[in-house]
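Take a look at the structure set out below.
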Amino acid sequence: MISLYDTLAGEVRPLATREPGKVALYACGPTVYDHPHLGHARSALTYDVLRRYLEWRGLDVRHVANITDIDDNIINRARDEGRTEGEVAVEWEAVYVDAMAKLGVLDPHERPRATEWVREMVDFVGRIMDVGAAYSTPTGVYLRVRDVAGYGDLVHRDLDDLRASAGARVEVDEAKEDPLDFALWKAAKPDEPSWPSPWGPGRPGWHIECVAMSLGILGDDFDIHGGGNDLVFPHHTNERAEALAVGRTFARHWVHNAMLNIEGTKMSKSLGNYRTVVEMLDEHPLNGRAFRLLVLQTHYRKTMEVNPELMASARSAVQRLDALSRRAAAAGIDIISRSGGTSGASRAVGAWTDDEWTVLPTSSHGPSLDHAAVEAFREAMDDDLGTPQAVAAIFDTLRRANAALDAGSEDAATLVATVRDLSERGLGIPNAGPPHLAGRLGAGGSTCAPGVTVLPDGGDDGGDDDGGLTASGEGGMAEDTPGPSDAEIEELVTRRQATREAKDWAAADALRDELSAMGVVVEDTPAGPVWHRQ
RNA sequence: GCGCCGGUGCCCGAGCGGACCAAGGGAACGGCCUGCAAAGCCGUAAAGCCGCGGGUUCAAAUCCCGCCCGGCGCUCCA
């Protein structure tokens with residue numbers, strides 16, 4: 001049974017979906033007017049992992065993540081740059097989508113844009129007017145908050161409490177009946193983009209966007225509504241109020257991820273600790289996977305810390321995953337297959353530079369998995385997405401796999417396959433770089449046999465109930481590999497191997513230094529040297 | 001001010017009443033392996049320990065009360 005913390009209930013509850021076997025998930029996306037930052041990435045990663053896990057469990061997930069492409073920030077930027085709002089939004093949406101792809105975030109099934117749903121938003125506002133829960137003023141249409149019973153339930157605060165804060169902070173709009181009332185529709189100001197409406201030209205308020213799109217696409221009573229915990233109030237509170245005002249049932253579960261701090265404080269431009277996803281990714285080819293691992297090592301409801309040291313330690317951990325793949329390959333256990341260039345259409349994410357690889361499906365003909373490890377993983381994930389413990393289970397299995405490899409045990413194949421399945425398909429962390437990173441020379445001269453899985457005894461995974469090991473392949477993340485070509489490297493590795501066989505250690509070491517200077521690491525295994533780029 | 005969430009080993013971070021498990025990751029040190037490395041495995045005593053002070057309990061890092069410190073929200077925000 002899968003449980004999740006529900007913000008509205010204030011406790012961990014079993015995930016009770018509207019339809020058995022299906023999950024309708026709506027996660028609030030970004031407003032596109034600037035570079036996505038690490039916080040956007042943490043949020044996107046949270047729902048990506050939630051989705052992957054639900055799918056790993058065999059559930060049919062419909063994931064919707066919106067793009068807010070019209071708002072004050074976009075308008076301001078467009079004005080500053082002398083462009084249209086549309087141009088600004090299109091540009092930054094592309095940057096966002098590309099950055100998420102590089103983080104291995106699967107494309108949501110639908111990515112609605114606010115501007116494409118204005119008609120539905122106008123209709124929605126109209127219905128709220130019809131039931132008398134809203135009123136129109138010269139500046140726009142406002143929801144009368146006191147008409148909505150349980151308005152503050154999501155934030156667990158009552159009206160007076162909220163009002164005390166609001167009055168003190170925000171300049172009170174004279175036209176509003178209550179400082180808490182918020183705009184459903186904003187009357188157009190000169191030079192601003194606008195759409196026609198029964199209340200005059202204007203544009204939708206922020207909250208109405210998500211209500212119209214989530215209910216419009218997923219329908220009433222959809223399963224999970226997620227977003228950053230900074231959206232609990234006012235955004236989600238107001239979305240909910242709009243839906244309740246017209247008597248519609250909204251999200252069954254509210255999931256909110258915590259914020260991300262850099263050097264102890266929330267990042268912000270003014271503090272100079274604002275970090276974009278692109279910068280982070282550019283700093284090191286392993287950072288995409290490292291950041292995902294770092295995010296997963298902290299529970300999603302707890303503020304997490306990011307700094308260069310932590311990124312470095314996460315990179316080291318990622319390298320252990322890769323090392324296992326190399327060791328397994330050297331031992332003849334190879335569950336990586338090269339897909340001959342076909343870039344799986346359903347694949348959401350960018351391929352590994354020029355090569356693309358995938359993991360063989362483990363459904364019916366796949367290798368058997370280690371039952372205890374799978375159970376530990378599932379137990380951790382079922383309990384409110386316990387990714388830190390899930391990661392622990394994976395690394396524990398990784399250690400066992402290495403030990404089995406050392407011992408030449410038959411269990412090795414199963415354990416290696418388990419590590420791969422859980423980390424890649426369950427959490428979205430690919431285990432090895434492009435196949436050529438595992439390029440292998442030596443006595444046998446064999447390279448990874450395409451599509452071949454050499455594993456003993458491919459029985460199913462212990463016949464346990466709903467392991468749901470049925471989803472398909474894995475998305476990759478871009479990790480550029482500039483520098484010397486494979487041929488150049490293999491040339492040096494081959495020469496070094498010759499000197500080693502001649503026991504000319506000095507020459508061998510010199511060649512290794514040379515390779516090392518090129519960023520290439522050579523490991524001598526019983527089956528011959530194996531190399532990979534740093 | 002109001003609300004919420006945290007303070008666990010050198011660092012990050014699980015655990016949230018009882019298992020000689022304070023998980024897992026990183027760093028460090030020792031051993032094995034190796035031509036040397038890398039990768040990998042094994043190990044890292046005793047004492048003490050889970051912000052501080054009380055309390056509840058046969059039993060608390062885990063529950064209650066108080067205090068100190070930190071973060072976030074209440075305003076566009078993932």
Side-chain angles (χ1 to χ4, degrees), chain A residues 7 10 27-31 33 36-47 68 71-73 76 152 155-158 160-171 206 226-235 237 256-261 264-268 293-294 296-299 301-307 309-320 322-324 326-327 330 376 380 386-407 500 503-506 508-509 512-513 516 521-526 529-532:
Chain A
T7 308
C28 278
T31 299
Y33 69 100
H37 59 239
L38 263 24
H40 291 111
R42 188 254 285 204
S43 194
L45 248 14
T46 299
Y47 301 103
T68 295
D71 94 316
D72 290 340
N73 289 310
N76 291 338
V155 258
H156 300 287
R157 302 184 66 178
D158 64 36
D160 291 336
D161 198 13
L162 287 166
R163 196 132 44 206
S165 299
R169 290 300 195 115
V170 196
E171 72 220 58
W206 181 29
N229 71 187
D230 54 347
L231 297 182
V232 174
F233 185 89
H235 188 47
T237 293
H256 292 100
N257 59 282
M259 300 290 99
L260 172 153
N261 285 173
T265 49
K266 179 180 174 178
M267 69 185 156
S268 74
L293 182 63
L294 194 58
L296 263 23
Q297 281 183 313
T298 302
H299 187 83
R301 285 195 286 121
K302 192 170 172 184
T303 304
M304 69 172 279
E305 169 71 18
V306 177
N307 61 46
E309 295 71 41
L310 290 171
M311 284 302 295
S313 73
R315 264 182 251 128
S316 295
V318 164
Q319 286 177 319
R320 286 186 66 200
D322 291 350
L324 177 67
R326 292 196 303 274
R327 299 190 83 216
T387 57
Q389 288 165 287
V391 169
I394 289 170
F395 276 89
D396 199 53
T397 310
L398 175 116
R399 182 184 48 71
R400 289 205 290 141
N402 273 317
L405 244 19
D406 282 345
R500 290 187 69 228
K503 297 203 190 304
D504 183 354
W505 309 127
D509 290 349
R512 185 166 61 199
D513 288 345
S516 173
V521 178
V522 188
E523 296 167 352
D524 299 319
T525 78
V530 175
W531 63 269
H532 69 279

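- Contact between the side-chain N/O atoms of A:Gln319 and the OP1/OP2 oxygens of B:A39 is not found at any separation under 4.0 Å.
- Picking from B:G40, B:A14, B:G35 the nucleotide with the shortest atom distance to the side chain of A:Ala508 gives B:G35.
- For B:G13 and B:G24, the C1' atoms lie 8 Å apart once the distance is rounded to whole Å.
- Both A:Asn257 and A:Asn402 sit near RNA chain B, but only A:Asn402 has its closest nucleotide nearer the 5' end.
- Listed here is the closest heavy atom pair of A:Thr298 and A:Thr387: O-OG1, 3.8 Å.
- Within the 4.5 Å cutoff, no side-chain heavy atoms of A:Arg326 are placed close to those of A:Thr525.
- A:Val232 comes within 4.0 angstrom of no nucleic acid atom, judged by non-hydrogen atoms across all strands.
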Test side-chain contact (heavy atoms from CB on, under 4.5 Å) applied to A:Asn402 and A:Leu405, step by step: CA-CA 5 Å; A:Asn402 273 317; A:Leu405 244 19; 4.2 Å; yes
Residue pair A:Asp161, A:His156: steps toward the side-chain contact (heavy atoms from CB on, under 4.5 Å) verdict: CA-CA 10 Å; A:Asp161 198 13; A:His156 300 287; over 6 Å; no
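- Nucleotides B:C64 and B:C16, compared at atom P, are 15 Å apart to the nearest Å.
- Remark: the A:Asn257 side chain and the A:Tyr47 side chain contain an N/O donor-acceptor pair separated by less than 3.5 Å.
- The listed nucleotides are B:A78, B:C74, B:A23; the one nearest the side chain of A:Ala392 is B:A23.
- The separation of B:A28 from B:C11, taken at their P atoms, amounts to 15 Å, rounded to a whole angstrom.
- Distance noted for atom C1' between B:G25 and B:A37: 24 Å (whole Å).
- The heavy-atom pair separating A:Gly228 from A:His256 by the smallest distance is O-CD2, 3.5 Å.
- Comparing the C1' positions of B:G9 and B:C4 gives a spacing of 28 Å, expressed to the nearest Å.
- In this entry the distance linking CG of A:Leu310 with P of B:A27 reads 12 Å, nearest Å.
- At B:A14, one or more side-chain N or O atoms of A:Lys302 fall inside 4.0 Å of OP1 or OP2 (strictly under the cut-off).
- In this model, the phosphate group of B:G26 is approached by a side-chain N or O of A:Arg320 to a distance below 4.0 Å at OP1 or OP2.
- Heavy atoms of A:Thr46 sit nowhere under 4.0 angstrom from any nucleic acid atom.
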From CA spacing to verdict: side-chain contact (heavy atoms from CB on, under 4.5 Å), A:Leu294, A:Met304: CA-CA 9 Å; A:Leu294 194 58; A:Met304 69 172 279; 4.1 Å; yes
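- Taking only distance into account, the side chain of A:Arg512 meets the base of B:A37 through a donor-acceptor pair shorter than 3.5 Å.
- The gap from the C1' atom of B:C50 to that of B:G17 amounts to 15 Å, rounded to the nearest Å.
- Look at CG on A:Asp161: it is 6 Å from C1' on B:C2, rounded to the nearest Å.
- Across every strand in view, B:G53 sits in a pair with B:C65 that passes the Watson-Crick or G-U test at under 3.5 angstrom.
- Closest to the A:Pro388 side chain, of the nucleotides B:G25, B:G35, B:A14, is B:A14.
- Per the geometry, CG belonging to A:Asp71 stands 14 Å off C1' belonging to B:U75, to the nearest Å.
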Chi angles and distances behind the side-chain contact (heavy atoms from CB on, under 4.5 Å) call for A:Arg42, A:Met259: CA-CA 8 Å; A:Arg42 188 254 285 204; A:Met259 300 290 99; 5.8 Å; no
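- The interatomic distance linking A:Asn229 (CG) with B:C4 (C1') rounds to 9 Å, in whole Å.
- For A:His299 and B:A14, a side-chain-to-base donor-acceptor distance below 3.5 Å is absent, hydrogens and geometry of angles not being considered.
- A:His235 comes within 4.0 angstrom of no nucleic acid atom, judged by non-hydrogen atoms across all strands.
- Contact between the side-chain N/O atoms of A:Thr525 and the OP1/OP2 oxygens of B:A39 is not found at any separation under 4.0 Å.
- Nucleotides B:U44 and B:C2 have their C1' atoms positioned 50 Å apart, rounded to a whole Å.
- The side chain of A:Ser316 sits closest to B:G26 out of B:G26, B:C2, B:A23.
- In this structure, A:Trp505 forms an aromatic stack with the base of B:G35, since both conditions hold: centre separation below 5.5 Å and plane angle below 30°.
- Residues A:Phe395 and A:Arg320 approach most closely at CD2-NH1, 3.9 Å, considering heavy atoms.
- Taking every side-chain heavy atom of A:Pro30 into account, B:A78 is the closest of B:A78, B:A23, B:A37.
- Base pairing analysis places B:G73 opposite B:C2; the two distances defining the Watson-Crick or G-U wobble pair are each below 3.5 Å.
- Minimum atom distance to the side chain of A:Leu260 is reached by B:A78, of the listed B:G24, B:A78, B:G40.
- A:Glu523 comes within 4.0 angstrom of a base, heavy atoms only.
- With a 3.5 Å ceiling on both atom-pair distances, the Watson-Crick or G-U wobble partner of B:G40 is B:C32.
- The residue among A:Asn307 and A:Ala323 whose nearest nucleotide of RNA chain B lies closer to the 5′ end is A:Asn307.
- Residue A:Asp396 contributes atom CG, which lies 18 Å from atom P of B:A14 at whole-angstrom precision.
- Between the CG atom of A:Asp230 and the P atom of B:G73 there is a distance of 7 Å, rounded to whole Å.
- To the nearest angstrom, C1' of B:C4 lies 12 Å from CZ of A:Arg301.
- For A:Arg399 and B:C41, the shortest distance from a side-chain N or O to OP1 or OP2 is not below 4.0 Å.
- Atom CE in A:Met259 sits roughly 15 Å away from atom P in B:C5 (whole-Å rounding).
- Counting non-hydrogen atoms under 4.0 angstrom, A:Leu324 reaches nothing in the nucleic acid.
- Nucleotide B:A19 has no partner under the Watson-Crick or G-U criteria, as no pair reaches both atom distances under 3.5 Å.
- Contacts of A:Asp509 with the nucleic acid, taken as non-hydrogen atoms under 4.0 Å apart, include base atoms.
- Side-chain proximity of A:Asn73 to the nucleotides B:G15, B:C76, B:G3 is greatest for B:C76.
- Checking B:G25, B:A38, B:A78 against the side-chain heavy atoms of A:His37 singles out B:A78 as nearest.
- Counting non-hydrogen atoms under 4.0 angstrom, A:Gly227 reaches the backbone sugars and phosphates but no base.
- In the set B:C41, B:G35, B:G15, the nucleotide with an atom closest to the side chain of A:Asp524 is B:G35.
- Distance noted for atom C1' between B:G55 and B:U62: 15 Å (whole Å).
- Distance from the side chain of A:Arg157 is smallest for B:C74 among the nucleotides B:C74, B:A39, B:G13.
- Judged by distance alone, the side chain of A:Ser313 and the main-chain N or O of A:Leu310 form a donor-acceptor pair under 3.5 Å.
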